[in-house]
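Only one structure is covered here, and it is reproduced in the block below.
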Amino acid sequence: VSIEPLDEYLVIQPSNDETETRSGLILPASAASAVAVRTGIITAVGSDAGGIEPGDKVLYPRDEGFDVRLGGIEVKVIKRENLIARIHD
């Protein structure tokens, strides 16, 4: 099962909300839900969503877009204009 975004929409596979601090403490997803932004990997790009490629890691508002479940995998579909930043690591 796959999804092909149209126009300026993007498909993002959200990163795991469970994170580890610099000191090695693991923060559960419930603690991360208070953060207003999320990171994820672009998996598909619409024809009008310039400047973004599949495989890019991005930062986006937590409540933006539409949650979609495909074959047991949760993805987010959002407009290109709602991305905050590209992450280089």
Side-chain angles (χ1 to χ4, degrees):
V1 178
S2 66
I3 185 168
E4 179 183 347
L6 302 175
D7 305 323
E8 71 275 5
Y9 284 93
L10 309 164
V11 178
I12 300 174
Q13 185 169 1
S15 298
N16 187 352
D17 276 342
E18 190 173 88
T19 58
E20 188 172 339
T21 66
R22 290 183 189 181
S23 61
L25 295 174
I26 295 177
L27 300 175
S30 59
S33 66
V35 178
V37 294
R38 274 188 96 172
T39 61
I41 304 294
I42 302 290
T43 59
V45 178
S47 59
D48 294 337
I52 292 293
E53 307 265 334
D56 286 349
K57 188 173 184 180
V58 294
L59 184 69
Y60 63 94
R62 176 174 293 282
D63 296 328
E64 199 60 55
F66 306 96
D67 293 318
V68 179
R69 184 172 290 278
L70 294 173
I73 297 173
E74 183 180 321
V75 296
K76 190 79 131 166
V77 178
I78 69 171
K79 283 189 172 186
R80 164 66 176 92
E81 67 190 33
N82 295 323
L83 290 183
I84 298 169
R86 182 178 307 144
I87 300 170
H88 301 283
D89 50 346

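These numbers come from the heavy atoms of this one structure, side chains and all, not from hydrogens, waters or symmetry mates. Numbers here are sequence positions counted from 1. Keep in mind it's a predicted model, so treat the numbers as computed, not measured.
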Quick one: are Ser2 and Leu70 in side-chain contact, heavy atoms under 4.5 Å?
no

With sequence neighbours excluded, give me every side-chain hydrogen bond (donor to acceptor under 3.5 Å, both in side chains) pair touching residues 41-52.
none

Do Ile73 and Val77 belong together in a cluster built from hydrophobic side chains that touch within less than 4.5 Å?
yes

4.5 Å side-chain heavy-atom contact, Leu83 and Ile12:
yes

Rounded to the nearest 0.5 Å, the CG atom of Leu10 sits from the CD1 atom of Ile42 at a distance of 4.5 Å

Output for pair (Leu59 CG, Ser15 OG), nearest 0.5 Å, gives 10.0 Å

Which heavy atom of Tyr60 sits nearest a heavy atom of Gly40, and at what distance?
CE2-N, 4.0 Å

Of all heavy-atom pairs linking Lys57 and Asp89, the shortest is NZ-OD2, 3.3 Å

Who pairs with Glu64 by salt bridge (Lys or Arg N to Asp or Glu O under 4.0 Å), at least two apart in sequence or on another chain?
none

Under the rule for side-chain contact (heavy atoms from CB on, under 4.5 Å), what residues qualify as partners of Asp67, not counting sequence neighbours?
Glu74, Lys76

Non-hydrogen atoms of Gly65 and Ile78 that approach each other most closely:
CA-CG2, 3.4 Å

Hey, what do you get for CG (Asn82) to CD1 (Ile84), rounding to the nearest 0.5 Å?
9.0 Å

Under 4.5 Å between any side-chain heavy atoms of Ile52 and Arg86, yes or no?
yes

Look at the side-chain heavy atoms of Ile, Leu, Val, Met, Phe, Trp and Tyr, link any pair under 4.5 Å apart, and say whether Val37 and Val58 land in one connected group.
no

Hey, is CG on Asp63 packed in by over 12 heavy atoms from elsewhere, all under 6.0 Å?
no

Out of curiosity, Phe66 CZ to Lys79 NZ, how far, rounded to the nearest 0.5 Å?
8.0 Å

